Amino acid sequence: MRRNTFLISDEFPRLVRPSRSIAQQIRDVTRLHNDWFKESIPLIASENFMSPAAREVMNSDLHNRYAEGLPGKRYYQGNIYVDEIESACEELARDVFACKFADVRSVSGTVANLAVLMAIAKPGDKITAVGLSDGGHLSHAKMGAIGLRGLRAHNYPFDQKEMNIDPEGACRLIREVKPKVALFGQSVYLFPTPLEELRSCLDEVGCTVWYDAAHVLGLIAGKRFQDPLREGVDVISGSTHKTLPGPQHGIIVSDLTKERLELSLRRGVFPGVTSNHHLHSVAALAVTLAEAKEFGEAYADQTIRNAKSLAQALFERGLDVLCEQKGFTESHTLVVNVEEHQGGAKVAKALEDANVIANKNLLPWDSDPVHPSGLRIGSQEITRLGMKEKDMADVAELIARVVIKGDSTADVRADVREFKKDFTKAHYCFFEGEEAYDYPRFDGDI
Ligand SMILES: *Cc1c(COP(=O)(O)O)cnc(C)c1O
């Protein structure tokens with residue numbers, strides 16, 4: 001196979017032939033990466049792959065252009081088609097999320113969060129959010145976007161058994177702190193946030209309610225998770241490349257429930273935290289949203305079924321999957337406590353050696369951030385590769401051979417490669433059945 005032709009070592013080599021130009025080495029290593037993922041089981045809960053049609057527009061001249069501002073009100077010439085694409089993208093977003101307002105110019109989820117923070121809070125304001133070890137995101141913490149904006153963060157009490165915010169404790173906190181903003185949303189997201197139960201105390205305090213849907217945006221688009229805007233949230237931000245299988249980009253949607261929200265969100269994005277906003281990504285996002293309209297419900301449905309099946313299959317093989325009593329998960333994510341199997345870091349590394357890609361994760365009771373006891377697994381990408389409930393037993397068996405039985409990772413890797421040959425095509429999209437891992441390649445070396 002290709003891996004051997006120009007590499008010193010067969011096992012995940014770092015060294016390429018020194019005689020090659022650096023540009024050629026980059027091409028080589030990029031191809032290695034591509035081929036590796038083609039032969040691997042991708043289980044990172046925040047990842048996905050773009051559809052063939054989205055990839056096509058992503059890989060276009062749009063990438064080379066600038067378009068500051070909004071359609072029809074640009075600072076550059078050359079935006080005639082760009083304006084059409086961006087307007088269509090916003091309209092699709094308003095349609096998919098059934099709302100009045102969408103801004104599709106943030107270049108990532110974190111950038112969207114910064115834009116929202118600029119719009120709805122100012123330095124010194126108080127904000128409530130989910131803590132990092134409870135699944136909160138870096139951008140919700142002092143070391144990230146919230147700290148950058150100079151906000152003071154208070155974390156909700158978390159119910160470790162339910163793996164969710166404790167609604168009573170959270171209400172107490174919100175009444176006590178009286179935050180300017182109440183932020184919800186997690187990167188370890190098993191169950192919907194109890195927004196209905198928090199409603200009365202949020203109303204009482206009158207804070208702006210912000211929901212970071214980065215992880216679950218595709219499930220919301222597919223109407224299979226909670227519907228935050230209908231549950232009283234003022235603004236939603238998100239990444240567009242996790243359960244929503246689009247380009248690496250960000251989005252903000254809202255029903256403009258608060259005064260001047262539209263203007264301040266627009267200004268937060270531009271000129272707040274972006275200048276040019278990656279026009280190729282906007283086109284790819286538009287295609288992704290069009291696909292979500294058509295295939296999103298079936299995809300979200302199968303994603304959640306697969307997560308539940310995989311959790312059950314791992315549990316049956318002796319792994320400590322969290323929240324068995326609650327059916328493990330209502331999202332794309334499941335979490336395994338692997339403390340008794342050498343902890344999250346070693347388990348994730350061993351799985352990587354076997355071409356099973358997942359990540360270590362802090363669990364709410366972990367005290368040492370360097371040694372997380374959890375393993376986080378997502379079902380969204382393997383779902384788009386066509387896997388169904390019956391395939392989850394095979395995936396679970398491959399994982400269990402590494403984690404529990406201690407089989408050699410080289411043996412398991414060989415079996416993963418064989419298994420994966422049946423799952424290399426894109427589903428729940430236009431051009432269904434096209435290869436998921438085929439990218440343009442030029443012949444010849446540099
Ligand atoms: C991933 C994530 C983000 C950040 O997204 P990027 O697109 O990587 O910047 C923000 N919030 C949550 C909850 C996330 O999980």
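This structure is a prediction, so every number in the text was calculated from the model and none was measured. Order of appearance sets the numbers: ligands from 1, and atoms from 1 within every ligand.
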Run the numbers for me: atoms of ligand 1, each under 4.0 Å from some heavy atom of Ser187, listed by number. 12 (C), 13 (C), 14 (C), 15 (O)
Would you mind running through ligand 1 and noting each atom that sits below 4.0 Å from a heavy atom of Gln186? 13 (C)
Within ligand 1, which atoms have a heavy atom of Asp212 less than 4.0 Å away? 10 (C), 11 (N), 12 (C), 13 (C)
Backbone of Ala54 reached by a side-chain donor or acceptor of Ser51 within 3.5 Å: yes
Ala214 neighbourhood, listing ligand 1 atoms whose heavy-atom distance to it stays under 4.0 Å: 2 (C), 3 (C), 10 (C), 11 (N), 12 (C), 14 (C), 15 (O)
Check whether any N or O atom of Gly109, backbone or side chain, sits under 3.5 Å from an N or O atom of ligand 1, and answer yes or no. yes
Say whether, by atom type as modelled, one donor and one acceptor occur between the side chain of Ser331 and the main chain of Tyr189 under 3.5 angstrom. yes
Distance-only, no hydrogens or angles: does the Arg384 side chain make a donor-acceptor pair with backbone N or O of Phe49 under 3.5 Å? yes
Any atoms of ligand 1 less than 4.0 Å from a non-hydrogen atom of Ser108? List them with their elements. 7 (O), 9 (O)
Give the minimum heavy-atom separation between Leu229 and Ser254, together with the two atoms involved. CD2-CA, 4.2 Å
How close does the nearest protein non-hydrogen atom get to atom 5 (O) of ligand 1, and which residue and atom is it? Ser239 OG, 2.8 Å
Which residue holds the protein heavy atom closest to atom 1 (C) of ligand 1, what is that atom called, and what is the gap in Å? Lys242 NZ, 1.3 Å
Does Ser108 use its side chain to pair, donor to acceptor, with the backbone of Val111 at less than 3.5 Å? yes
Closest to atom 8 (O) of ligand 1 among His241, Gln248, Glu47 (heavy-atom distance): His241
Between Arg94 and Cys99, is there a donor-acceptor pair closer than 3.5 Å when you use the side chain of the first and the backbone of the second? no
Polar-atom distance check: His249 versus ligand 1, any N or O pair below 3.5 Å? no
Taking salt bridge (Lys or Arg N to Asp or Glu O under 4.0 Å) as the criterion, tell me which of Lys180, Arg149, Lys178 meets it with Asp125. Lys180
